[in-house]
2 protein chains.
Amino acid sequence: MTRAPQKRRLETRAKLLHVAAAIVQEQGYSGLRVEDVVARAGVAKGTLFSHFKDKDGLLAVLIGEEVTRLLDRMEDEGTPADVAALTARLAPHLDYVAQDRVIFDLLLRYSGTTAAEPDEVVAASFIRQVTMLTGWLQTLQAAGKARQDQPPELLAEGIQGFLNHVLGVWFCAGHANDASPAQALDPYLQAWLQPPG
Amino acid sequence: MTRAPQKRRLETRAKLLHVAAAIVQEQGYSGLRVEDVVARAGVAKGTLFSHFKDKDGLLAVLIGEEVTRLLDRMEDEGTPADVAALTARLAPHLDYVAQDRVIFDLLLRYSGTTAAEPDEVVAASFIRQVTMLTGWLQTLQAAGKARQDQPPELLAEGIQGFLNHVLGVWFCAGHANDASPAQALDPYLQAWLQPPG
DNA sequence: TTTTATAATTGACCGCGGTCATTTTTTGTT
DNA sequence: AACAAAAAATGACCGCGGTCAATTATAAAA
C-alpha cells in the first residue's frame, strides 16, 4: 500500500477554484455553469465532482473566502460604539449577500451551524460571525448601550434572524425601489437591543 | 375573435392538483416528480407547465392550501392571552414547515411579500398571517402583555424573522436530537415582546 | 355545415447538474 | 527496470426540470 502525496490533486483543485472565481467575476454567481468551469480549466466534468460534493460545494468555497475577507475587515475596525454603529458595521456583509440570491440561499443553508467540517469555509465563517457578534454585544452591554436582561448569545442569534429576514424581504418584495437591507435592518436592531425602561 | 370558456382547462388543472396532492401524501413534498404527476394525470408534460410556471408553482398551490387550512384553524382559536400562548398558537405552523425543507424554502421565497397576484395562494396566506399576527399583538399590547414601545407591525415582522431563523437552524444543525422549532422559538418571542422595565 | 380564429394539449427536444465504470498517472516495492 | 496498488482523471451516460413549434379540440362567424 502506498500513501498518496497529493501535489497534482491540489493543483487541479486550485485551478478549478481560480477559473471559477474568474467566471464569477465576469458573469456573477448565478451565471456559473459547471461545464464552463471544467472547459476553461481543461479537465473533465467528473474531476470537478471528485473535488467538490456538488456545484454548491464549489460555490461555498468561493463565497466562504469572500465572507472571510469581509469578516477580517470587520474585525479590524473593532467593537462598534452603539447600535447605529453596529448596523453600519454589518452593512458591507448585507450588501454583499444582497447582490445575488445564490449567496443568500447558500448562506442560509449554513446559518445556524454550530460545528464545521475542516473544509467547510462557509460554516466556519458563520460561526466566526456569531462569535464576533456575541463579543461585540458583551461590550455593548457592559457599556450600557444594549439591554442586559438577555445573554449575548441569544441577542446575537436574534440579530442573525433579522439579517435573514431583511434579506428575504429584499429578494422578494422591494429590491431596487426599496431601502437598502442595512437601512431595513436598523429598526429591528434598535428595538431588539434597546435597554428596557 | 372568440372568448374562451375554460371548462376543459379547469378540469385538467384540478386533475393535476389532485394527482399531485396524492403523490405528496404518499412520497412527501420532496418526492414529487413532474413526470409522475403527468403520467398519473394522463396528460403530457407540457400541459403541466402551461398551468403552472414551474414545479415550484405547482408546489406553491398545494402548500398554500395547506397553510390556508392552518390559518383557518388558528383564526378560530382567537387571540392568545399571553406570549406563551402565542408560541403555542404558532407551533402547528412550525411543525408543518419543519416536516420538509421544500416547504421552508418555498415559504421563504414568499416571506416579505406585501402584495399578491390573484392566484398566488402562498403570498396571500403569508400576508394573512402577518395581518393576523399584527392584530394579536395589538390586543396583547392593549392588555399589557407585550411591549408598547414599538408598532405592532414591526413586532409582527420581527416574529416572522424569528420563525425563519428557528426553522433555518432546525434544518441545518440539530433536527431530531434538538428541541422542536416551537420550543426554540419561545425564548426569542419572550425577549422580543417583553415589556421594558 | 363549412370556415376560421383561438384555446388547449402534445411530445420530441434541450440544458445542465451529477454518476460511475473504465483508463491513465503516480508512487512504493522487489 | 519491472511490477503492483492506489490515486487521479476521464467522458459516456442518466435524471429531471423546462421549452416550443406543431397538432388537435372547441366555439363563434359566415
Side-chain angles (χ1 to χ4, degrees), chain A residues 1-21 23-24 26-63 100-103 105-106 109 119 122, chain B residues 1-21 23-24 26-63 100-103 105-106 109 118-119:
Chain A
M1 52 253 184
T2 56
R3 267 262 129 258
Q6 60 284 58
K7 190 184 163 201
R8 186 186 170 201
R9 186 162 177 81
L10 288 180
E11 284 169 2
T12 306
R13 186 189 147 101
K15 187 171 214 169
L16 283 169
L17 283 172
H18 184 254
V19 166
I23 293 179
V24 165
E26 297 162 15
Q27 329 249 345
Y29 286 96
S30 26
L32 186 131
R33 299 184 315 138
V34 170
E35 277 193 13
D36 293 344
V37 177
V38 295
R40 276 172 64 168
V43 300
K45 219 180 197 178
T47 300
L48 189 148
F49 291 100
S50 91
H51 283 271
F52 306 96
K53 184 177 168 289
D54 50 23
K55 191 188 168 185
D56 279 358
L58 170 59
L59 278 173
V61 175
L62 294 175
I63 291 174
D100 197 321
R101 168 137 220 166
V102 173
I103 309 176
D105 286 343
L106 200 144
R109 186 158 305 147
D119 62 326
V122 172
Chain B
M1 52 253 179
T2 56
R3 266 263 127 259
Q6 58 287 55
K7 190 183 161 199
R8 186 184 171 201
R9 188 164 177 78
L10 288 179
E11 284 170 3
T12 306
R13 186 189 147 101
K15 187 168 214 169
L16 283 169
L17 283 171
H18 184 253
V19 166
I23 293 180
V24 165
E26 297 162 14
Q27 329 250 345
Y29 287 96
S30 28
L32 186 130
R33 298 184 316 137
V34 170
E35 277 193 12
D36 293 343
V37 176
V38 295
R40 277 173 64 167
V43 299
K45 221 180 195 178
T47 300
L48 190 149
F49 291 101
S50 92
H51 283 271
F52 306 96
K53 184 177 167 290
D54 48 25
K55 191 188 169 185
D56 279 358
L58 170 60
L59 278 173
V61 175
L62 294 175
I63 291 174
D100 197 320
R101 168 137 222 166
V102 173
I103 310 176
D105 286 344
L106 200 144
R109 186 159 306 146
D119 64 324

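The chains referred to below are lettered A, B, ... by the order of the sequence lines, with proteins before strands, and numbering in each begins at 1. Just so you know, these numbers come straight off a predicted model, no measurement behind them.
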Inset, instruction - Could you provide the dot-bracket string of DNA chain D, using ( ) for intrastrand pairs, [ ] for crossing pairs and | for bases paired to another strand, with Watson-Crick or G-U pairs below 3.5 Å? - result: |.||||||||||||||||||||||||||.|
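Straight-line distance from the CD atom of Gln6(A) to the C1' atom of dT25(C): 15 Å, rounded to whole Å. Summarising the geometry, the separation between CD on Glu11(B) and C1' on dA7(C) is reported as 14 Å, rounded to the nearest angstrom. Taking atom CZ of Phe52(A) as the reference point, atom P of dG18(C) lies 13 Å away to the nearest angstrom. In this structure, NZ of Lys7(B) is placed 9 Å from P of dA27(D), rounded to the nearest angstrom. Rounded to an integer number of Å, the gap from Arg8(A) CZ to dT10(D) C1' is 11 Å. Between the P atom of dT26(C) and the CG atom of Leu10(A) lies a distance of 15 Å, rounded to the nearest Å.
When all heavy atoms of Leu62(B) and Ala20(B) are compared, the closest pair comes out as CD1-CB, 3.8 Å. Heavy-atom minimum distance, Val37(B) versus Val19(B): O-CG1, 3.7 Å. Among all heavy-atom pairs drawn from Ser30(B) and Val102(B), the shortest one is CB-CG2, 3.7 Å. The two residues Phe52(A) and Val61(A) come nearest to each other via the heavy atoms CE2-CG2, 4.0 Å.
Nearest-nucleotide mapping onto DNA chain C: of Lys53(A) and Ser50(B), the residue sitting toward the 5' end is Ser50(B).
Applying the 4.0 Å criterion to OP1 and OP2 of dA9(D), one finds that Thr12(A) has a side-chain N or O inside that range. Within the 4.0 Å cut-off from OP1 or OP2 of dA9(D), at least one side-chain nitrogen or oxygen of Arg9(A) is found. OP1 and OP2 of dA8(C) both lie 4.0 Å or more from every side-chain N or O belonging to His51(B).
Between Leu59(B) and Ile103(B), the closest side-chain pair of non-hydrogen atoms is not below 4.5 Å. Looking only at side-chain heavy atoms (C-beta outward), Leu106(B) and Tyr29(B) stay at 4.5 Å or farther from each other.
The backbone N or O of Leu32(B) lies less than 3.5 Å from a partner atom in the side chain of Lys55(B), making a donor-acceptor pair.
For the pair Arg101(A) and Asp105(A), the salt-bridge criterion is met [side-chain N within less than 4.0 Å of a carboxylate O].
Lys15(A) NZ to Thr47(A) OG1: the interatomic distance, rounded to the nearest 0.5 Å, is 11.5 Å.
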Sub-3.5 Å pairs of nitrogen or oxygen atoms, protein against nucleotides 15-17 of chain D:
residue	atom	partner	partner atom	Å
dC16(D)	OP1	Arg33(B)	NH1	3.4
dC16(D)	OP2	Arg33(B)	NH1	2.2
dG17(D)	OP1	Lys55(B)	NZ	3.2
dG17(D)	OP2	Val34(B)	N	3.1
dG17(D)	N7	Lys45(B)	NZ	3.1

